[in-house]
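So you know, we letter chains A, B, ... as the sequences are listed, proteins then strands, and number each from 1.
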Amino acid sequence: LILHTIIPLEVVLDGSDSYQPVYSEIPWKGGGTLLVEDCGQNSVKVVRLLSTNPSDYLDPAVQPGSILGYEGKMQLKK
Amino acid sequence: LTFSRRQRHAPPRKQKQDDQTQKHNEETPPEENVLQNIQQLGQSSVPQQPESSIHSISIIGQIEGHMTLPPQNKTTKYEHVIPQLIAVEQNPKIEGLLIVLNTVGGDVEAGLALAEMIDTLSKPTVSLVLGGGHSIGVPVAVAADYSFITFTATMTIHPIRLSGLVIGVPQTYEYLDKMQDRVVKFVTSHSRVTEEKFRHLMFCTDQLARDIGTVMVGEDAVDVGLIDEVGGLGRAVAKLQEMIDARQGGEVH
């Protein structure tokens with residue numbers, strides 16, 4: 001793994017030791033599975049979409065980093 | 001404010017909202033009804049426009065590859081962009097792709113992967129370097145069929161440094177040299193810049209304070225042959241449309 005960037009490595013990797021996000025997988029209505037990070041307050045942040053259909057990836061709702069809200073209680077599998 | 005309010009109460013939406021409110025009046029207590037209204041106010045309506053035949057992908061921040069970077073980095077995740085490029089290639093409704101770059105570099109393998117995908121896309125592609133297209137952003141920028149750089153945008157060409165190496169492979173000079181050759185070969189074979197000139201820019205000693213390399217602003221990148229033209233959004237979209245028209249003309253015969 002090589003990073004070719006103008007940002008100093010120590011800045012890029014700052015906090016990588018303490019950064020340990022917990023991801024969970026949920027099925028997505030548009031197809032495929034979403035890898036999400038729980039943000040609390042009935043919302044999750046999309047980390048990754050897992051789908052074999054390329055057109056699923058064009059959906060702006062599942063761009064990495066977008067926040068999805070859900071209603072009621074959802075048991076997130078860890 | 002008046003404009004947005006008028007939009008929000010556009011006739012079709014309003015009717016729908018009224019129906020829903022009516023339903024809620026029967027079923028739910030008033031407090032929840034208020035909440036319902038607030039949630040609906042948060043929705044803004046987007047001006048309707050005919051479906052666009054071009055798609056755009058913005059590559060911003062760090063190009064994230066094999067390793068998830070800590071959250072202070074703004075990243076473009078290549079595992080998401082690659083299937084998008086496949087969808088662009090395969091979807092008959094999409095006729096061209098505009099790639100907007102404002103990147104500080106990132107993972108070599110991920111950057112080269114994106115560059116190769118953009119290069120081998122059969123539909124017309126145009127890239128536009130906005131703020132910066134540094135390091136591994138350079139091959140991504142030149143991968144498009146035609147490239148633009150704005151007047152004030154910068155591109156930094158510098159070698160892959162030893163400090164840029166993270167554990168995992170033998171940290172030999174030969175290895176780094178090979179990785180660098182991949183980048184140099186891609187850039188020189190996809191732009192007008194010669195290998196000699198590109199290596200010269202890469203190892204220039206009097207440009208950067210703490211590193212060797214060259215910073216090129218707008219026109220400089222065009223002068224050395226890295227980028228095709230200085231221009232902005234309007235020119236980039238016009239050029240893409242021109243290429244789409246030319247391609248369609250060629251197919252009809």
Any donor-acceptor pair under 3.5 Å from Ser55(A) side chain to Ala87(B) backbone: no
Top contributor to chain A contacts, counting heavy-atom pairs under 4.5 Å, from Gln62(B), Glu89(B), Gln90(B), His55(B):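 Among Gln62(B), Glu89(B), Gln90(B), His55(B), the one with the most close pairs to chain A is Gln62(B).
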Heavy-atom pairs under 4.5 Å with chain A, option from Pro159(B), Gly106(B), Gly105(B), Ala110(B) with the top count: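 Between Pro159(B), Gly106(B), Gly105(B), Ala110(B), the count favours Gly106(B).
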Atom pair CZ (Arg48(A)) and OG1 (Thr68(B)), whose distance is rounded to the nearest 0.5 Å: 9.0 Å
Value rounded to 0.5 Å, distance of CG in Leu58(A) from CD1 in Ile57(B): 8.0 Å
Side chain / backbone / both / neither for Gln84(B) at chain A, heavy atoms under 4.5 Å: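 Backbone plus side chain of Gln84(B), per the 4.5 Å heavy-atom cut-off to chain A.
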Atom group of Ile94(B) that falls short of 4.5 Å from chain A, counting heavy atoms: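 Contact with chain A is through the side chain of Ile94(B) alone.
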Test log, rule side chain to side chain contact (heavy atoms under 4.5 Å, CB included), inputs Tyr57(A) and Leu85(B): CA-CA 9 Å; Tyr57(A) 290 83; Leu85(B) 292 170; over 6 Å; no
Taking non-hydrogen atoms and a cut-off under 4.5 angstrom, which of [range] neighbour chain A?
| range | answer |
| --- | --- |
| residues 72-79 of chain B | Gln72(B), Asn73(B), Lys77(B), Glu79(B) |
| residues 197-205 of chain B | none |
| residues 127-140 of chain B | His134(B), Ser135(B), Ile136(B) |

Interchain contact, Asp14(A) with chain B, by part (heavy-atom threshold 4.5 Å):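 Contact with chain B involves both backbone and side-chain atoms of Asp14(A).
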For a 4.5 angstrom cut-off between non-hydrogen side-chain atoms, does [X] reach [Y]?
| X | Y | result |
| --- | --- | --- |
| Leu13(A) | Met67(B) | yes |
| His158(B) | His4(A) | yes |
| Leu3(A) | Ile160(B) | no |
| Leu69(B) | Tyr19(A) | no |

Salt bridge (Lys or Arg N to Asp or Glu O under 4.0 Å) partners of residues 119-144 of chain B, not counting sequence neighbours, each pair once: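 Found none.
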